[in-house]
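By convention in this document, chain letters (A, B, ...) are assigned in the order of the sequence lines, proteins followed by strands, and residues within each chain are numbered from 1.
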Amino acid sequence: MRQKMQYSDKVMDHFMHPRNVGEIENADASGTVGNAKCGDIMKVDLKIEDNVIVDIKFKTFGCGSAIATSSMATEMVMGKTVDEALQLTNKAVAEALDGLPAIKMHCSLLAEQAVKSALKDFFEKTGQMTPEREELFKSLDDDAHDH
Amino acid sequence: MRQKMQYSDKVMDHFMHPRNVGEIENADASGTVGNAKCGDIMKVDLKIEDNVIVDIKFKTFGCGSAIATSSMATEMVMGKTVDEALQLTNKAVAEALDGLPAIKMHCSLLAEQAVKSALKDFFEKTGQMTPEREELFKSLDDDAHDH
Amino acid sequence: MEQQQRVYLDHAATTPVHPEVVKTMVPYFTEYFGNPSSFYQTGREARKRLEEARDRIARVFNADPGEIYFTACGTESDNWAIKGTALSRQKQGRHIITSAIEHHAVLHACEDLEKQGFELTVLPVDQDGLVSPESVRGAIREDTILVTIMMANNEIGTLQPIKEIAAICRENKVLFHSDTVQAGGALPIDVKDLGADMLSFSAHKFYGPKGVGLLYMRKGLRIANFLSGGAQEKNRRGGTENVAGIMGMAKALELAHEKMELESRRLITLRDYLIQQLLKRVPHTRLNGHPEKRLPNNVNVSFEFIEGESILLMLDHYGFECSSGSACTSGSLDPSHVLLAIGLPHEIAHGSLRVSLGQSNTREQMDKLVESLEQIVSRLRDMSPLYADYQKKKLTQDDK
Amino acid sequence: MEQQQRVYLDHAATTPVHPEVVKTMVPYFTEYFGNPSSFYQTGREARKRLEEARDRIARVFNADPGEIYFTACGTESDNWAIKGTALSRQKQGRHIITSAIEHHAVLHACEDLEKQGFELTVLPVDQDGLVSPESVRGAIREDTILVTIMMANNEIGTLQPIKEIAAICRENKVLFHSDTVQAGGALPIDVKDLGADMLSFSAHKFYGPKGVGLLYMRKGLRIANFLSGGAQEKNRRGGTENVAGIMGMAKALELAHEKMELESRRLITLRDYLIQQLLKRVPHTRLNGHPEKRLPNNVNVSFEFIEGESILLMLDHYGFECSSGSACTSGSLDPSHVLLAIGLPHEIAHGSLRVSLGQSNTREQMDKLVESLEQIVSRLRDMSPLYADYQKKKLTQDDK
Ligand SMILES: Cc1ncc(COP(=O)(O)O)c(C=O)c1O
Ligand SMILES: Cc1ncc(COP(=O)(O)O)c(C=O)c1O
């Protein structure tokens with residue numbers, strides 16, 4: 001009935017103990033979205049073998065939910081193929097965290113966009129960008145700062 | 001510092017036990033001031049011997065302070081000469097009652113005016129109206145309904 | 001007559017806070033004292049409880065929690081509804097309809113707008129204090145933006161046909177606000193059934209604390225803000241929320257609704273008994289307000305030939321606490337605009353008494369009140385030149 | 001780090017009600033529950049106590065009792081002062097001057113007026129948050145009707161030269177209002193010495209209850225009513241008086257003033273210790289607000305490279321309750337307008353923390369807070385891409 005006002009235990013767990021924080025030296029691909037003016041930035045590094053994400057690390061400047069969704073999103077795509085990872089949505093991330101307060105939903109977009117941005121980098125670097133894949137990145141530039 | 005909001009004990013005494021309530025049959029003079037629309041009316045009857053007020057009675061329709069000032073005013077002029085009685089002021093009546101709440105001060109005018117109105121009736125009936133006395137009644141018509 | 005124990009008979013002016021309500025409030029002063037807008041645990045706890053209160057209040061009125069906005073009092077709710085509507089709809093029109101018997105919180109808010117160039121139609125009422133729905137329909141113009149008619153009058157207790165009026169306003173696409181301050185906690189109110197756009201409530205009228213009220217605003221409706229400030233109340237009413245007061249209001253409202261049916265029946269019985277006894281035992285007495293369509297707790301009578309304040313003063317002396325009209329106007333010397341609106345002549349309006357009953361009142365108190373009033377009225381009539389005149393006239397007439 | 005006992009450090013948002021204040025209030029719910037506008041004993045008793053409270057409050061501020069008007073909160077006082085002045089003086093002019101760091105209760109009230117055709121000059125502040133009196137003088141025009149500048153800022157604690165500003169307004173015959181909500185109970189205020197026309201206070205900022213405030217209005221000054229209704233507050237503010245709340249406010253104010261000198265000195269010592277420790281032990285930290293001209297209880301710092309909400313969230317997890325700015329704006333995602341006004345870049349403004357101390361806080365708590373913050377800031381920086389960038393740049397520079 002009422003909107004959630006409070007972070008779930010899962011959000012708090014991922015916030016207090018974020019998984020996959022850091023950087024990957026010689027990453028196969030990287031992506032950064034957001035900007036400091038808006039109050040959140042996320043950077044994702046990927047290690048990819050045979051089109052499978054074998055390692056992922058992030059750094060995030062942002063609020064509690066930005067950090068928690070960053071952590072959750074990296075967990076969700078770890079071990080996935082790049083095309084599976086492309087299916088990641090902010091809604092799925094939020095749901096995996098048992099939901100987010102309404103005014104914080106936009107933060108979960110940051111994580112989706114950062115992962116996609118890194119994947120785009122990968123496809124471009126490896127010459128695997130196809131029109132179908134291109135289509136999935138269309139929203140990136142529009143939305144990335146739209147929060 | 002602050003204005004009085006409450007009736008004094010004296011007001012309450014004169015309100016609960018008003019002196020000189022009633023009418024005088026064959027009164028030597030009478031006066032009525034106020035009107036029902038404004039919320040107060042006072043009628044005064046006088047019995048006068050040798051220009052001395054030997055009896056006075058009143059009837060009042062009005063609030064607590066209208067009744068209390070009516071009662072006090074009649075007490076104050078009883079036994080006075082008509083010219084002494086002419087000196088009655090609403091301020092003196094209010095003071096004799098240990099003061100009135102500010103918003104009730106106008107009610108004390110009713111009693112002053114009613115007594116004067118009866119005295120005017122007396123001077124006119126007995127042909128004793130002089131220019132000096134006339135002067136003292138001047139305010140009567142202006143003020144009588146001005147509360 | 002001896003000085004008796006005090007009997008409070010002015011529940012329309014205010015009510016004592018129910019002890020359970022006090023118990024509900026106290027922890028919010030010291031323990032759950034957080035600012036509900038704050039981020040941390042103490043703030044979140046306050047927020048959670050505040051929103052639970054909103055849910056509970058919404059449930060009582062069959063409203064959505066999102067339709068309940070907390071305010072400081074009935075007066076603020078009235079001012080917000082009226083001035084907020086005017087400000088936000090002035091491009092559509094500048095005409096407002098109200099009735100002649102509204103509380104000053106409504107009338108003066110409307111008059112403020114009149115001074116700013118809005119036009120006001122003040123509908124008359126009949127001798128029972130009823131606004132005719134057809135007169136509302138007749139008064140609606142192209143440029144009418146708001147109709148505000150109270151549900152229950154605070155002086156004479158008359159209940160208006162609010163549902164019909166709301167329907168007429170809806171038909172004509174005009175916003176409808178009702179001052180339900182006196183109805184709150186006394187009558188069942190289902191906002192969906194009622195169909196009004198805005199309703200004003202004040203907690204201290206139903207055994208809640210003073211200084212807290214609410215405005216019901218139908219979902220989707222947007223009017224201008226009145227108290228501008230922080231982002232509280234979904235950005236629509238600034239000011240740190242009075243958490244203790246709001247928790248008290250929710251509790252008071254629930255208590256009132258739990259026992260409403262029983263208490264209402266009890267009060268109606270008391271009320272009708274008192275009316276019947278007064279009319280029977282005190283001559284030249286008339287009942288003001290509608291005989292049936294009236295608040296369960298309201299008795300309003302005029303005693304001819306005498307003045308109201310002196311009645312109150314004697315009643316007070318004997319321990320009965322009543323009112324001669326709206327408590328708020330007791331600073332004024334004019335007779336009540338409500339009594340004049342139902343057609344009472346000034347001198348009779350001046351001699352009016354409002355008895356508004358409450359949870360602590362008993363039949364025994366009614367008997368004592370009637371007895372005291374018999375004596376008081378007769379004493380004051382003996383002092384009254386109007387009564388003397390009346391008797392002389394009657395004698396003359398009887399002689400004829 | 002273990003979950004500790006909770007330490008409340010957000011006294012600028014709200015304060016717990018002092019136990020003596022609660023004790024003062026409770027009898028007014030049930031025993032002295034009368035409506036102060038009522039005529040009879042229960043009403044008169046309430047009136048008497050209400051007016052005594054007004055006297056006592058007036059004494060604290062060296063004001064006349066007739067200059068104290070009770071309201072529902074600081075927000076209402078601000079809205080009344082600003083909108084009431086605008087409405088009553090619009091024929092003389094439609095220009096209002098305020099500052100860039102006002103509370104939203106002032107800024108939004110001013111903006112409401114802007115939408116209605118008033119002109120607004122929003123004065124900038126320097127890097128410490130100070131408004132220059134000369135800038136006020138420079139902004140005053142022929143058609144200026146009101147200057148409203150707060151006494152103490154709620155976020156960065158900066159104290160304005162109100163007395164000088166008041167004098168400039170007086171010279172120019174322009175009304176001067178000051179939002180003294182944060183100063184109330186924290187600083188000595190003598191209205192005669194200060195020379196302002198209007199001042200706003202809110203009880204819950206000085207250990208009084210939420211939902212009650214006051215507007216000081218200089219004797220003889222007349223502005224339009226805001227809450228129109230009954231004849232309360234000398235016909236200038238309708239609504240049944242919140243007697244319990246007002247009695248609580250009077251008590252709270254007296255208590256605050258009794259111990260003000262001592263408590264103020266104690267808080268300043270704590271405050272300066274905390275500031276000094278943070279600046280020393282947490283690198284890349286800056287103090288916001290004026291180093292000396294600031295509220296005794298206010299600490300506001302920015303930690304570079306990290307974001308405020310995540311700092312608060314971790315602090316909350318460890319039991320420390322602080323704010324990242326004004327509690328009222330926590331629904332918003334923009335950085336505080338106050339921090340931007342003192343020239344902080346967005347990303348640094350985002351990383352700010354307000355600690356506002358109170359009666360229960362101790363030096364030991366400050367030590368624990370500093371320790372926690374050291375760890376929290378370092379953890380968040382380890383996660384921050386901004387900090388990583390900074391370190392890389394520094395390495396490159398060091399290499400050169
Ligand atoms: C400076 C200032 N002005 C006004 C207010 C508004 O006070 P209240 O929330 O009591 O209406 C506050 C506090 O929220 C404040 O800090
Ligand atoms: C019908 C009605 N409307 C509005 C009000 C105003 O309520 P409050 O005094 O709580 O502001 C009252 C009571 O005073 C009332 O009876």
Side-chain angles (χ1 to χ4, degrees), chain C residues 6 8 10 13-17 19 22 26 29-30 33-35 37-43 72-76 78-79 103-105 108-109 112 202 204 209-212 225 227-232 238-245 309 312 316 321-323 326-332, chain D residues 6 8 10 13-17 19 22 26 29-30 33-35 37-43 72-76 78-79 103-105 108-109 112 202 204 209-212 225 227-232 238-245 309 312 316 321-323 326-332:
Chain C
R6 303 205 72 74
Y8 187 73
D10 200 16
T14 195
T15 54
V17 183
V22 180
V26 165
F29 293 125
T30 47
F33 70 88
N35 187 321
S37 300
S38 295
F39 182 82
Y40 40 76
Q41 187 179 305
T42 307
C73 55
T75 300
E76 187 197 328
D78 286 341
N79 274 263
H103 188 270
H104 281 155
H108 290 167
D112 285 354
S202 191
H204 73 98
K210 294 174 180 61
V212 57
N225 288 357
L227 235 67
S228 295
Q232 291 93 349
T240 304
E241 298 91 338
N242 176 358
V243 186
E309 199 224 58
L312 290 193
D316 184 35
E321 310 202 307
C322 309
S323 147
S326 152
C328 307
T329 55
S330 70
S332 127
Chain D
R6 304 204 69 74
Y8 187 73
D10 200 16
T14 196
T15 54
V17 183
V22 179
V26 165
F29 293 125
T30 47
F33 70 88
N35 187 322
S37 299
S38 296
F39 182 83
Y40 40 76
Q41 186 179 306
T42 308
C73 54
T75 300
E76 187 197 327
D78 286 342
N79 273 261
H103 188 269
H104 282 155
H108 290 167
D112 285 354
S202 190
H204 73 98
K210 294 174 181 60
V212 57
N225 287 358
L227 236 66
S228 295
Q232 291 93 348
T240 304
E241 298 91 339
N242 176 358
V243 185
E309 200 224 57
L312 289 194
D316 184 36
E321 310 202 307
C322 310
S323 146
S326 154
C328 307
T329 56
S330 70
S332 128

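- Of the listed residues (D/Gly43, D/Ser228, D/Gly211, D/Ser202), the greatest number of heavy-atom pairs within a distance under 4.5 Å of chain C belongs to D/Ser228.
- The greatest number of non-hydrogen atom pairs below 4.5 Å with chain D, out of C/Asn225, C/Val212, C/Asp112, is found for C/Asp112.
- Across D/Cys73 and C/Gly239, no two heavy atoms sit closer than the pair SG-CA, 4.4 Å.
- Under the 4.5 Å side-chain criterion, counting only non-hydrogen atoms from C-beta, C/Ser38 is in contact with D/Asp10.
- Only the side chain of C/Val22 comes within contact range of chain D, with heavy atoms under 4.5 Å apart.
- Ring orientation note: the planes of C/Phe29 and D/Phe29 are close to parallel, at an angle under 30° on the 30°/60° scale.
- Contact detail for C/Tyr40 and D/Cys322: the closest heavy-atom pair is CD2-O, 3.0 Å.
- Between chain D and the residues C/Pro19, C/Gly245, C/Ala109, C/Gly34, the largest count of heavy-atom pairs under 4.5 Å involves C/Gly34.
- The part of C/Asn79 that comes within reach of chain D is its side chain, from C-beta onward, which places non-hydrogen atoms under 4.5 angstrom from that chain.
- Comparing C/Asp78, C/Thr14, C/Val243 by heavy-atom pairs within less than 4.5 Å of chain D, the highest count is held by C/Thr14.
- Comparing C/Val26, C/Leu227, C/Thr30 by how many heavy-atom pairs each has under 4.5 Å with chain D, the most go to C/Leu227.
- Nearest heavy-atom pair, C/Pro16 versus D/Phe33, reported as atom, atom and distance to 0.1 Å: N-CD1, 3.4 Å.
- Contact tally against chain C (heavy-atom pairs below 4.5 Å) for D/Glu309, D/Glu321, D/Glu76: the top residue is D/Glu321.
- Contact annotation: the side chain of D/Lys210 never approaches that of C/Glu241 to less than 4.5 Å [non-hydrogen atoms, C-beta and beyond].
- For C/Thr15, the part lying under 4.5 angstrom from a heavy atom of chain D is the backbone only.
- Expressed to the nearest 0.5 Å, how far OG1 of D/Thr240 lies from NE2 of C/His204 amounts to 3.0 Å.
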